[in-house]
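Chain naming here is simple, since letters A, B, ... match the order of the sequence lines and numbering starts at 1 in each.
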There are 2 protein chains.
Amino acid sequence: MARDTRAQLVSAAARLLDQGGPAAVTLREVGRLAGVSHNAPYKHFADKQDLLAAIASRELTRRSAIMADAGPASPVERLRQIMRGYIAWARAKPARFKLTFGAWTRGNDELGEAAHLSRRRLIDTVAAAQAAGELPAGDPDRLAALFLALAHGAADLALSGHLSAPGKGSADPEDLLDDLIGYLRGNAAPRSGEEFANPMTAPRPA
Amino acid sequence: MARDTRAQLVSAAARLLDQGGPAAVTLREVGRLAGVSHNAPYKHFADKQDLLAAIASRELTRRSAIMADAGPASPVERLRQIMRGYIAWARAKPARFKLTFGAWTRGNDELGEAAHLSRRRLIDTVAAAQAAGELPAGDPDRLAALFLALAHGAADLALSGHLSAPGKGSADPEDLLDDLIGYLRGNAAPRSGEEFANPMTAPRPA
DNA sequence: ACCTGAACACCGTTCAAGT
DNA sequence: ACCTGAACACCGTTCAAGT
């Protein structure tokens, strides 16, 4: 019962967040949607910040689960897929995206755990691509951070309309991701027999 | 007198923003700091959103002015300098940085103008680096967007603590910027006599 | 043209009770 | 252990006046 109320509160808050941003997440409306009084949330969360943090935590947990669903493609294509998913998420749920990467004054262990799991998945995929000779060698943490920073920045700038000039619509986040992968492939030491032509038709390890 | 009041209101609002984020920018406190009543701002701005937009606009205008001060370094080093300045700005004034790239429902021509000028400066520098053979050829708008997205994403993730794992502090935004430039240099078609060794000692066009 | 003071509706948070 | 209703302080915004 209690756990159910808590989950319903988070769900209601996320819905309000999607509709009108953090300002639309009023504890009164959250309570109403969840069928409780306007200050019942205080029995489950310290304050409004804590409720918002719970949304971010749930979001990160869900995303790390989605990242596990990468298909049987080559490592670098799995990486492209993960990053495209990240960008698509930002476009579909901009308010959740912004919230998740807002500054968290409070520590919130749950949120830190979820973030760590997501990062781990990403780094592993990058390392696999390096091992396959699809990406240049080097610290996989560092290269993963490069990918994440590019995808995050492209998505965030696209949301605020600052990525490309109003007239030209040529620079989509996905395009920039493809560009980066292309440049990095040019720097990778190809393993014997690999050509790096079209990424979609490139040979893949079994 | 009127223009002076307006400027003072923006200045006071920016100060409050730095101290405690958008929530700390209350019209009552803004008025108090500017020496006017708590609703005098409504004679200069349509509402609170409009006042915040004025801060963002002022910020973009200032930044495009700073970008003009690039020294006599080679194009690619000027580009590195511009991007480092961008990252340093985000770190020094995180609230202004976040606000400037928040979603602007209203059009706000002044803000669009300032953004366009900044982008123009960046694209020109990228094009110059391409012409000097320091960066790979291609649409300079697209390559400029790649740099901007990386710097923006790295800075934003660093602010929220999501760039690198809590333990390792090795992935600074500046490091990722240097990494990207390094990878791109590897793909540039060097002009005769240029070696691309240490960027700081690389030959520069007169 | 610019500013003030009072007023309204709304929100986060607290508190004393209730089961 | 979880929830409710009343209450408080605060904020954005509006309005009727003032110069």
**OP:** Would you confirm whether B:Thr100, through its side chain, and B:Arg96, through its main-chain N or O, come within 3.5 Å as a donor-acceptor pair?
**Re:** yes
Original post:
Considering only heavy atoms from C-beta outward, does the side chain of A:Glu59 approach that of A:Phe97 to under 4.5 Å?
Top reply: no
**OP:** Figure out the CG/P separation between B:Asp50 and D:dT13, and round it to whole Å.
**Re:** 10 Å
Subject >> Close side-chain approach of A:Asp156 to A:Phe101, heavy-atom, < 4.5 Å >> reply: no
Subject >> Between C1' of C:dC3 and CZ of B:Arg32, the distance in whole Å >> reply: 18 Å
Subject >> d(NZ, B:Lys43; C1', D:dA17) in whole Å >> reply: 11 Å
Subject >> A:His38 NE2 to C:dC10 C1', straight-line distance once rounded to whole Å >> reply: 11 Å
Original post:
A:Thr5 side chain N/O closer than 4.0 Å to the phosphate oxygens (OP1, OP2) of D:dC3?
Top reply: yes
Original post:
Are B:Thr26 and B:Lys48 close enough that some pair of their side-chain heavy atoms sits under 4.5 Å apart?
Top reply: no
Subject >> Any N/O donor-acceptor pair, B:Asn39 side-chain to C:dT4 base, under 3.5 Å >> reply: no
Subject >> Between C:dC8 (P) and B:Arg28 (CZ): distance, integer Å >> reply: 14 Å
Original post:
Would you say the side chain of B:Arg91 lies within less than 4.5 Å of the side chain of B:Glu174, judging by non-hydrogen atoms?
Top reply: yes
Subject >> DNA chain C base-pair string [pairs: Watson-Crick or G-U under 3.5 Å; |: paired with another strand] >> reply: ||.|||||...|||||.||
**OP:** Whole angstrom is fine here: how far is it from OH in A:Tyr42 over to C1' in C:dA16?
**Re:** 17 Å
Original post:
Which whole number of Å gives the distance between the C1' atom of C:dC3 and that of D:dA16?
Top reply: 13 Å
**OP:** Could you tell me which non-hydrogen atom of A:Pro136 sits nearest to which non-hydrogen atom of A:Leu184, and how far apart they are?
**Re:** CD-O, 3.3 Å
**OP:** Provide, to the nearest angstrom, the distance between the CZ atom belonging to A:Arg6 and the P atom belonging to D:dC3.
**Re:** 12 Å
Subject >> Candidates C:dT13, C:dC3, D:dC3 - which lies nearest the side chain of A:Asp47 >> reply: C:dT13
Original post:
Reckon B:Val30 touches a base, only the sugar-phosphate, or nothing at all at heavy-atom distances under 4.0 Å?
Top reply: nothing
Original post:
Given D:dT4, C:dC3, C:dT13, which nucleotide is nearest the side-chain atoms of A:Val36?
Top reply: D:dT4
Original post:
A:Ala40 has a side chain; which of D:dA6, D:dT4, C:dC11 sits nearest to it?
Top reply: D:dT4
**OP:** Could you check A:Arg84 against A:Asp178 for salt bridge (charged side-chain N to carboxylate O under 4.0 Å, His left out), going step by step and ending with a plain yes or no?
**Re:** CA-CA 10 Å; A:Arg84 278 180 182 262; A:Asp178 291 344; 3.1 Å; yes
**OP:** Using whole Å, report how far CG of B:Leu27 lies from P of C:dG5.
**Re:** 16 Å
Original post:
When the P atoms of D:dC2 and C:dA17 are considered, how many whole Å apart are they?
Top reply: 22 Å
